[in-house]
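A quick note: this is a predicted structure, and the numbers were derived from the prediction, not measured. Naming convention: chains lettered A, B, ... in sequence-line order (proteins, then strands); numbering from 1 in each chain.
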Amino acid sequence: MLQPNPGKLLRSLAASLTDAVLPELEKGNGYRQLKAAIHLLKRLQRTWDLYNDKVHSDNTDFLETCGSVIEIISGTDYGQKFSDLQLQLKEVRTGAIDDASVDGINDPELARATRTNLDLQALTCELEQRLAELPGDDPVVAKCCALLSKLYRRLVLRDSVYIGDKPVVE
Amino acid sequence: MSDNQTLEERILNVLQTALPNAINIRLTGLQRTFGGNARQAWSFDLVWQENSEAREMPCILLSQMPGSHVDSDIEMEYGVLNGLTGSGLCTPAAIALDADGTITGGAAIILERLEGKADVVAFLKDATGGSSRDITGQLAAITAGLHKVSWEVTGLKCGDNPVLAQIKEWENIFIQHRQEPNPPMAYLFRWMKKNAPEPTRLSLVHGDLRPGNFLYDSEGITALLDWEMAHVGDPLEDVAWIYRALWSPEKFLPLDEFVSLYEQNLGQRVSRRTLKFYQIFSEMKFAALSVTASYSVASGESANMRHADRAAKVPECLRICFELIDSEDWEVPDVAA
């Protein structure tokens, strides 16, 4: 049984609260709280089914970009400082994750992807921090920083779609 | 004994200490009022006698709310307002400080309640635009006046590098409250620390100057409110914050015109590159506030539904930051500085 789907449910919930409950309240804290809740329901109605694509696209991007950066920097004199991150990335690629449950996510595969995403976020932060400690005028370091810099812009753009700020583009 | 009577007695206790020469102190019209997202507020009229003279003053009691996304120092705020008394700036008089929270359970201050409204929706919806344009022009002059006040009178501390200190403060707030590592946001804080311009002047910075935080009436601006984020720093931080998109008066008075008026009243030109840096800073500060607000609901500290989805504001802030960064060559020295 697929209907009504979550998007329709969220939309009708927002509409019912707006039409039938909000007018019953006096203007005050309760009224403002309900308006905020309705606003959130409407955003969730626009975006509830975008999470899966968002997390998988981000994971692919993290793996490719961080993989490229680590491969490049590993071929330099600084490589030793990144050997643990290289190992961590390998573990993420092979799916060696201990705890796949994530609060708020019901589907086990999606929970695993979310846990992978959080691990990749942390790895990227650590990678960025270590690169920042190297000479910025070194061309190889600058190239690696530029790759991460572009990654951040792509992540933020995908966030904008996932949040509902921008429309989904095929 | 009703809650209001109990509250009234607690207020009177604090006022007795704050006004040692006053006798026959009374409150009338005590009632709850809207204090914003982070504060509880009550208004009342204060009547007393001093040196055989009858005195009265409309007052407002502001108290921090539990789980607030703004972790502020109310003693500092009281000190700033106390220091600004007599400065010529339109600020409410500071009457009393309840640092121990004896009135409401949270630290509180009692201020003079001034005429006017702080209705940001009405301000931004001004159909003709004339009134809001005039008010924004006034704000440019008042902001310049604020930045000419000697910050030492406020009792604020100024370390070796107050600009870097501000960036680090917001970075720490982000790190303490983030629900995921968020590498783009972490990167942007690092970028700001690396690219922060040297300020041409250090001033008292309001820290939250924007439509909604000043009172106005038909004559214009009557008071600057909400000084809980005041600090010493680069004054362009205030100019950039006023023009954040969410509350920006851009449609009434473009930023360039505001800056021209500001420069005229300040008596010196300002760096447009530095202003752009503080536009980036403003987005990151708002992003950090949003992360904190979201955390307060997720952690159970707060049940404020208006904060539940604040994390959704962050991507737009970061997108704007990257656009601003990409619009400038930050490696080239700023000739206007």
Side-chain angles (χ1 to χ4, degrees), chain A residues 27-44 46-47 54-55 58 61-62 65-66 102-104 114-115 117-129 131-133 136-137 145 148-166, chain B residues 31-37 40-41 65 121 171 174-175 178-195 245 283-284 287 290 293-294 297-300 302-326 330-331:
Chain A
K27 295 278 170 78
N29 192 46
Y31 184 92
R32 284 190 293 270
Q33 293 287 302
L34 183 56
K35 280 201 78 174
I38 291 168
H39 188 79
L40 175 51
L41 286 170
K42 287 180 177 176
R43 188 178 78 71
L44 291 173
R46 292 197 309 275
T47 61
K54 155 76 179 160
V55 74
D58 278 0
D61 206 350
F62 275 124
T65 307
C66 293
V102 176
D103 187 23
T114 302
R115 172 55 68 195
N117 183 277
L118 292 170
D119 288 345
L120 287 168
Q121 285 192 44
L123 186 149
T124 306
C125 282
E126 186 60 32
L127 180 57
E128 168 78 48
Q129 186 157 329
L131 285 170
E133 290 163 6
D137 54 2
C145 290
L148 288 182
S149 190
K150 287 179 183 169
L151 166 67
Y152 301 144
R153 284 156 173 79
R154 292 193 298 271
L155 290 171
V156 166
L157 197 57
R158 278 198 292 272
D159 272 341
S160 297
V161 173
Y162 167 62
I163 289 296
D165 288 345
K166 290 189 182 301
Chain B
Q31 61 179 342
R32 190 78 185 258
T33 187
F34 182 61
N37 280 333
Q40 303 176 87
M65 272 207 281
V121 173
E171 184 183 34
F174 155 65
I175 290 170
R178 60 183 170 178
Q179 296 175 66
E180 57 190 322
N182 199 334
M185 200 161 163
Y187 161 76
L188 284 165
F189 273 113
R190 190 169 293 116
W191 183 92
M192 284 202 297
K193 287 188 287 191
K194 186 184 166 199
N195 292 280
E283 295 305 320
M284 292 303 291
S290 298
S294 172
V297 176
S299 67
S302 167
N304 188 341
M305 289 305 302
R306 299 171 78 187
H307 292 166
D309 200 30
R310 272 290 291 270
K313 300 293 182 192
V314 172
E316 180 69 0
C317 296
L318 305 191
R319 187 193 65 75
I320 292 170
C321 285
F322 283 123
E323 254 182 31
L324 288 167
I325 288 172
D326 294 345
W330 300 88
E331 303 292 322

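Rounding to the nearest 0.5 Å gives a distance of 14.5 Å between SG of A:C145 and CH2 of B:W191. Rounded to the nearest 0.5 Å, atoms CG (B:D309) and CD1 (A:I163) are 7.0 Å apart. Between the CZ atom in B:R319 and the CG atom in A:D159 there is a gap of 12.0 Å [rounded to 0.5 Å]. The NE2 atom of A:H39 sits 11.5 Å away from atom CZ of B:R306, with the distance rounded to the nearest 0.5 Å. A:N29 contributes atom CG, which lies 7.0 Å from atom CG of B:N304 (distance to the nearest 0.5 angstrom).
With a 4.5 Å cut-off on non-hydrogen atoms, B:L188 does not touch chain A at all. In this structure, chain B has heavy atoms under 4.5 Å from both the backbone and the side chain of A:L118. A:R32 touches chain B through backbone and side chain together, each having a heavy atom under 4.5 Å away. Both the backbone and the side chain of A:Q129 come within less than 4.5 Å of a heavy atom in chain B. At a 4.5 Å heavy-atom cutoff, the contact between B:A312 and chain A is made by backbone and side-chain atoms alike.
Ionic pairing of B:D326 and A:R153 is present here: one or more N-O contacts between side-chain nitrogen and carboxylate oxygen are shorter than 4.0 angstrom.
Residues A:L148 and B:Y187 form no side-chain contact, since every pair of their non-hydrogen atoms from C-beta on lies 4.5 Å or further apart.
Pairing each heavy atom of B:P183 with each of A:C125, the nearest pair is CA-SG, 3.5 Å. Heavy atoms only, all atoms of each residue included: B:A303 and A:Q33 are closest at O-OE1, 3.3 Å.
For NZ of A:K54, the number of neighbouring non-hydrogen atoms (other residues, nucleotides, ligands) closer than 6.0 Å is greater than 12.
Each of A:V156, A:L157, A:L44 has some count of heavy-atom pairs under 4.5 Å with chain B, and the biggest count is that of A:V156. Put simply, of B:R190, B:K194, B:K313, B:M185, the one with the most heavy-atom pairs under 4.5 Å next to chain A is B:R190.
In terms of the ring-ring contact (aromatic ring centres under 6.0 Å, His included) criterion, A:F62 has no residue partners (sequence neighbours excluded).
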